[in-house]
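Read through the structure below, which is laid out as structure tokens, and then see the notes.
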Amino acid sequence: MIRYRLACPDRHDFEGWFRSYDDCTDQIESGILTCPVCGSDRIERALMAPAVAKSSALAQQGEAERHAPPDQAMLASNPKLAEIAAAFRELREKVVAHADDVGERFPEEARRIHYGEAEARGIYGQASAEEASSLLEEGIAVMPLPRLPEDHN
């Protein structure tokens with residue numbers, strides 16, 4: 001996983017984790033990546049400084065913090081991010097509780113529902129950035145479920 005610092009035109013900074021540089025680029029270009037503060041889909045990578053820890057700094061860190069996933073450590077140090085993650089977690093739980101998981105058939109099933117070929121209902125599943133972009137171009141409203149720190153374990 002690669003962590004990028006991202007920003008919207010209003011300079012709201014946030015971080016995202018991606019499988020690769022191309023995955024990040026695809027999500028930015030397709031417009032499925034949005035600012036968690038204002039919702040803008042005009043996102044760009046922001047300048048990042050490399051994280052270099054000195055051995056004395058590592059010696060001072062607690063054992064649990066050293067081995068915690070990066071997202072968990074970040075949430076523990078920033079109450080506002082922890083609050084946003086809790087809201088995302090609640091949103092995702094509601095979607096999962098009230099919608100059908102159609103897995104990799106998501107793009108096909110979303111089209112079937114949109115064009116009246118299948119029962120109208122809430123669904124969720126997997127779609128590539130290209131597939132999500134294509135659905136949006138057809139006027140089919142889709143949005144990615146938020147990724148949570150525990151998704152990286």
Side-chain angles (χ1 to χ4, degrees), residues 1-62 64-96 99 101-111 114 122-153:
M1 299 296 285
I2 301 171
R3 180 180 66 174
Y4 287 107
R5 189 170 150 244
L6 306 165
C8 72
D10 292 329
R11 305 315 310 160
H12 297 130
D13 288 341
F14 59 101
E15 292 182 347
W17 287 83
F18 303 90
R19 289 186 193 118
S20 66
Y21 173 85
D22 290 337
D23 184 38
C24 179
T25 300
D26 289 346
Q27 289 188 37
I28 290 171
E29 290 176 357
S30 70
I32 64 171
L33 187 61
T34 60
C35 174
V37 177
C38 67
S40 172
D41 64 356
R42 293 181 23 229
I43 304 298
E44 58 186 40
R45 282 182 206 86
L47 186 61
M48 285 185 71
V52 180
K54 296 180 182 176
S55 60
S56 62
L58 287 175
Q60 293 173 355
Q61 287 182 335
E65 185 179 334
R66 256 196 317 246
H67 296 291
D71 287 340
Q72 293 291 351
M74 182 176 61
L75 290 178
S77 67
N78 188 326
K80 186 63 176 173
L81 287 179
E83 183 181 325
I84 291 169
F88 281 162
R89 189 173 290 107
E90 183 179 344
L91 169 68
R92 190 163 78 175
E93 287 170 0
K94 284 182 181 180
V95 169
V96 169
D101 182 359
V102 295
E104 294 177 0
R105 296 182 301 109
F106 179 82
E108 172 190 334
E109 194 64 17
R111 283 187 178 94
H114 181 76
I123 61 171
Y124 68 99
Q126 293 85 43
S128 69
E130 182 178 296
E131 290 168 328
S133 181
S134 178
L135 290 168
L136 290 169
E137 287 173 8
E138 288 180 52
I140 302 170
V142 297
M143 111 179 210
L145 287 176
R147 296 198 56 127
L148 300 169
E150 56 266 27
D151 294 339
H152 303 291
N153 291 336

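Along the sequence shown, residues are numbered consecutively beginning with 1.
- Checked against salt bridge (charged side-chain N to carboxylate O under 4.0 Å, His left out), Arg111 has the following partners two or more places apart in sequence or in another chain: Glu138.
- The shortest non-hydrogen separation linking Pro144 to Ile32 is CG-O, 3.3 Å.
- Separating the CG atom in Asp26 from the OG atom in Ser20 is a distance of 7.5 Å, to the nearest 0.5 Å.
- Evaluation of the side-chain contact (heavy atoms from CB on, under 4.5 Å) rule for Asp10 yields Cys8, His12, Cys38 as partners, not counting sequence neighbours.
- For Glu137, the salt bridge (charged side-chain N to carboxylate O under 4.0 Å, His left out) test picks out no residue, with sequence neighbours left out.
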Which pairs would a plain distance check flag for residues 123-131, meaning a side-chain donor or acceptor within less than 3.5 Å of a matching protein atom at least two apart in sequence or in another chain?
residue, atom, partner, partner atom, Å
Gln126, OE1, Glu104, N, 3.3
Ser128, OG, Glu130, N, 3.4
Ser128, OG, Glu131, N, 3.0
Ser128, OG, Glu131, OE1, 3.4
Glu131, OE1, Ser128, N, 2.7

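- Shown here for Val142 and Ala132, the closest heavy-atom pair between the two residues is CG2-O, 4.0 Å.
- Residues satisfying the side chain to side chain donor-acceptor pair (under 3.5 Å) test with Glu44, not counting sequence neighbours, are Arg11.
- Under the rule for a side-chain contact (heavy atoms from CB on, under 4.5 Å), the partners of Pro36 that lie at least two apart in sequence or sit in another chain are Phe14, Phe88.
- Tyr4 contributes atom OH, which lies 9.0 Å from atom CD1 of Ile28 (distance to the nearest 0.5 angstrom).
- Of the inter-residue distances, the one linking Leu6 atom CG with Glu15 atom CD reads 8.5 Å to the nearest 0.5 angstrom.
- Under the rule for a salt bridge (charged side-chain N to carboxylate O under 4.0 Å, His left out), Glu93 has no partner lying at least two apart in sequence or in another chain.
- Counting only residues at least two apart or on different chains, the side chain to side chain donor-acceptor pair (under 3.5 Å) pairs with a member in residues 27-42 are Asp23-Gln27.
- Applying the salt bridge (charged side-chain N to carboxylate O under 4.0 Å, His left out) rule to Glu109 yields the partners Arg105, Arg112, Arg121; only residues at least two apart in sequence or on another chain are considered.
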